[in-house]
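Values reported hereafter were calculated over all heavy atoms of this structure, with side chains retained and with hydrogens, waters and symmetry mates removed. Within every chain, numbering begins at 1; the chains are lettered A, B, ... in the order of the sequence lines, protein sequences first and strands thereafter. Quick caveat: nothing in here was measured; it's all calculated off a predicted structure.
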Number of protein chains: 2
Amino acid sequence: MNLTDQQRTLIEQIGVWHENNGIQPAAARVMGLMIVSDKRELTFDEITEALSISKSATSNALNLLLRTEHLEYITFPGDRKRYFKMKISNWREAFTRKIDDLTGFNVLLRQVLEVRNRNCDESDEGLQDFISFLDYLHQELPNLLAKWEEQNKKS
Amino acid sequence: MNLTDQQRTLIEQIGVWHENNGIQPAAARVMGLMIVSDKRELTFDEITEALSISKSATSNALNLLLRTEHLEYITFPGDRKRYFKMKISNWREAFTRKIDDLTGFNVLLRQVLEVRNRNCDESDEGLQDFISFLDYLHQELPNLLAKWEEQNKKS
DNA sequence: AAGTTAGTTCTTAAAATTATGAACTAATGA
DNA sequence: TCATTAGTTCATAATTTTAAGAACTAACTT
């Protein structure tokens, strides 16, 4: 597979970043490899070998990343192998998913406001502000993406 | 401590959400309790008792949340207890921290661009787009916050 | 000086996560 | 038909994370 030391280091760093974002270690390394690799598409065995992990670890990681749509694969006629690649365009969707997660939290916060019984209502203001800001984010972030796309297209 | 069933349920839900965002279980429940509780400030013992966890679990969780500035505490003259409370205003900082985390990732992505050797340069475009969008986010998110603050002040 | 209070620390245990290797399957090829 | 390829699955092992409980400390009280 022939990775430079720089590449190996980057794979680990990107791996750690993804671990910190909740992806399991092996899958996180696969993410690192897929983005750092000179080849856009890699096979199961290339991944296993490049990362020195077991076939089962590879199998788990790949299926996880396929399910979460971090990866996809293509095939070629007369070739039984799958060629895995990053679903690059996916960062847009990942972005929206993050926003939705925030919105889910916001639902809980509204319930808090209903359920808890603070003596002084002033105490609720901070929370109301936060809720309001999350609403605002939810509303404005898609616009932000749109604005960037426009600006980026021009150049 | 007298929590309603609704409150207990919400504490768990908020706890799970925080767990999914990388906070350890006990600390995540403390976050839930602090926001759901009728009292704005709670003592060490109240927390221990309300969540039915050990003193060491409480100690760990509180120190973690103090370090990460999710919580702070106040004291009163002639009272040795600490009264823990959420650092409410802190969501603004948490927001900026999230942005910084993205920026950190972006640094790695730029390195990828330098280090990897893709045959067709077209392949780099998607990555360049992503990098560019992250830059844009980094630049615009603070403005978004500012704009919200302004709009919110008026009402 | 002896006891209380408000926590902390340490050892250990339990639980959860992750990876391994071997055995398996299903499709293809010789 | 037998072998090979491209994986998957399963039982187990290793590692990590988390919590418990008991012993401890440091400050204050009586």
Return yes if the base of dG21(C) and the side-chain atoms of S54(A) contain a donor-acceptor N/O pair under 3.5 Å, otherwise no.
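There is none.
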Taking any atom under 4.0 angstrom from a heavy atom of chain B, which nucleotides of DNA chain D are the first and last to qualify, 5' to 3'?
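Here the contact window of chain B covers dT18(D) to dC28(D).
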Under 6.0 Å between ring centres: does that hold for Y83(A) and Y73(A)?
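Ring centroids of Y83(A) and Y73(A) are no less than 6.0 Å from each other.
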Would you call [X] and [Y] a salt bridge, taking side-chain N to carboxylate O under 4.0 Å as the test?
{"X": "E19(A)", "Y": "R29(A)", "answer": "yes"}
{"X": "E46(A)", "Y": "K39(A)", "answer": "yes"}
{"X": "K55(A)", "Y": "D45(A)", "answer": "no"}

Sugar-phosphate, base or nothing in reach of N60(B), heavy atoms under 4.0 Å:
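N60(B): no heavy atom of the nucleic acid under 4.0 Å.
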Checking all strands, does A57(B) fall into the base, sugar-phosphate, or nothing category for heavy-atom contacts under 4.0 angstrom?
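Touches sugar-phosphate only.
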Starting at atom [atom1] of [X], determine the distance to atom [atom2] of [N], rounded to an integer number of angstrom.
{"X": "F76(A)", "N": "dT28(C)", "atom1": "CZ", "atom2": "P", "value": "18 Å"}
{"X": "R80(A)", "N": "dA27(C)", "atom1": "CZ", "atom2": "P", "value": "9 Å"}
{"X": "F44(A)", "N": "dA27(C)", "atom1": "CZ", "atom2": "P", "value": "18 Å"}
{"X": "R29(A)", "N": "dT20(C)", "atom1": "CZ", "atom2": "P", "value": "12 Å"}
{"X": "Q24(B)", "N": "dA16(C)", "atom1": "CD", "atom2": "C1'", "value": "14 Å"}
{"X": "K55(A)", "N": "dG21(C)", "atom1": "NZ", "atom2": "C1'", "value": "10 Å"}

Find which nucleotide of DNA chain D each of I23(B) and R82(A) is nearest to by heavy atoms, and output the residue with the more 5' nucleotide.
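Whichever sits nearer the 5' end wins; that is R82(A).
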Salt bridge (Lys or Arg N to Asp or Glu O under 4.0 Å) for D124(A) and R40(B)? Distances and angles first, verdict last.
CA-CA 10 Å; D124(A) 286 338; R40(B) 191 161 43 271; over 6 Å; no
Could you go through residues 59-66 of chain B and list every donor-acceptor pair under 3.5 Å that involves a side-chain atom there, pairing it with any protein atom two or more places apart or in another chain?
from	atom 1	to	atom 2	distance (Å)
N60(B)	ND2	S56(B)	O	3.4
N63(B)	ND2	S59(B)	O	3.0

More 5' along DNA chain C: P25(A) or K81(B), using each one's nearest nucleotide?
K81(B)
Closest-nucleotide 5' rank along DNA chain C - winner of D79(B) and S56(A)
D79(B)
Please list, chain by chain and in numerical order, all residues satisfying ring pair (Phe, Tyr, Trp, His ring centres under 6.0 Å) with F105(A), sequence neighbours excluded.
W17(B), H18(B)
